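Only a predicted model underlies this, so the values are computations on that prediction, with no experimental measurement involved. What's counted below: heavy atoms across the whole structure, side chains too, no hydrogens, waters or symmetry copies.
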Amino acid sequence: MTSTEDWHAITLEIPFASHKHAMIAKQTIEVDAELQPHAVKRTLSVEDNVLTAEFLTRTIRLARLTVNGFLENVDLVVRTLEAFGEDAEQKPDQ
């Protein structure tokens, strides 16, 4: 394994409405592997209601692209939770 000493490090902390929503986001996003695993390392974790994403990238350009892609995924998860989150958890009246 190569040393990541010269890599660029970025940490993002994304607050959610609840721990459950942060876990849904983590589980949804972590399914997709990085497209360049030799050049991008990603670690996701949840503490309380905060999703923390840590990235190590070989170049600044990869850092920008990786963070942009991650934030697009977070945006999609948030919009989906807003649209379906509460309704999906409620059972229909019978």
Side-chain angles (χ1 to χ4, degrees):
M1 183 170 181
T2 62
S3 170
T4 57
E5 185 177 297
D6 295 330
W7 291 35
H8 303 278
I10 298 172
T11 301
L12 301 175
E13 293 181 344
I14 313 290
F16 282 83
S18 68
H19 174 78
K20 182 176 184 177
H21 286 182
M23 285 300 297
I24 289 170
K26 177 185 179 286
Q27 292 167 349
T28 302
I29 293 169
E30 72 185 355
V31 172
D32 295 325
E34 289 298 330
L35 297 177
Q36 298 184 43
H38 62 282
V40 177
K41 310 282 184 220
R42 175 184 66 194
T43 305
L44 300 177
S45 62
V46 172
E47 187 172 326
D48 296 326
N49 66 323
V50 178
L51 171 64
T52 301
E54 297 174 342
F55 299 96
L56 288 174
T57 64
R58 294 193 120 182
T59 67
I60 296 279
R61 179 177 181 274
L62 273 175
R64 178 181 56 82
L65 293 171
T66 300
V67 169
N68 283 347
F70 173 77
L71 291 175
E72 286 177 6
N73 286 337
V74 169
D75 180 56
L76 180 61
V77 170
V78 167
R79 288 187 287 122
T80 302
L81 286 169
E82 286 175 349
F84 302 106
E86 299 302 319
D87 292 338
E89 293 177 11
Q90 297 174 0
K91 294 183 179 176
D93 294 330
Q94 293 182 346

### Message
Between His19 (side chain only) and Asp48 (backbone N and O only), is there a donor and an acceptor less than 3.5 Å apart?
### Response
yes
### Rounded distance (nearest 0.5 Å) linking atom CE of Met23 with atom CG of Leu51
9.5 Å
### Query
Between OG1 of Thr11 and CG of Leu56, what distance do you get to the nearest 0.5 Å?
8.0 Å
#### Entry: Close side-chain approach of Leu62 and Trp7, heavy atoms under 4.5 Å
no
### Message
Same cluster or not: Phe55 versus Val46, using hydrophobic residues (I, L, V, M, F, W, Y) connected whenever any side-chain heavy atoms lie under 4.5 Å apart?
### Response
yes
#### Entry: Closest contact, heavy atoms only, Ile10 versus Ala63
CD1-CB, 3.5 Å
### Message
Measuring from atom CG of Leu65 to atom CZ of Phe70, what distance do you get when rounded to the nearest 0.5 angstrom?
### Response
15.0 Å
### Task
May I have all residue pairs that pass side chain to side chain donor-acceptor pair (under 3.5 Å) and include part of residues 63-77, sequence neighbours excluded?
Asp75-Arg79
## Note on the structure
Which of Val50, Ile24, Val78 passes side-chain contact (heavy atoms from CB on, under 4.5 Å) with Phe16? It is Val78
### Summary
Closest non-hydrogen atoms of Arg58 and His8, given as atom of the first, atom of the second and distance, are O-CD2, 3.6 Å
### Message
Using every non-hydrogen atom in the two residues, find where Lys41 and Pro37 come nearest and quote the distance to one decimal.
### Response
NZ-O, 2.9 Å
### Task
Establish whether Ile14 and Ile29 are linked, either directly or via other cluster members, by ILVMFWY side-chain heavy-atom contacts under 4.5 Å.
yes
### Query
If Ile, Leu, Val, Met, Phe, Trp and Tyr residues are connected whenever their side-chain heavy atoms lie under 4.5 Å apart, and connections chain through other members, are Val40 and Leu44 in the same group?
no
### Message
With clusters defined by side-chain heavy atoms of hydrophobic residues (ILVMFWY) lying less than 4.5 Å apart, directly or transitively, does Leu71 cluster with Leu76?
### Response
no
### Message
As a test of understanding, state which of Glu30, Glu54, Glu34 forms a side-chain hydrogen bond (donor to acceptor under 3.5 Å, both in side chains) with Arg42.
### Response
Glu34
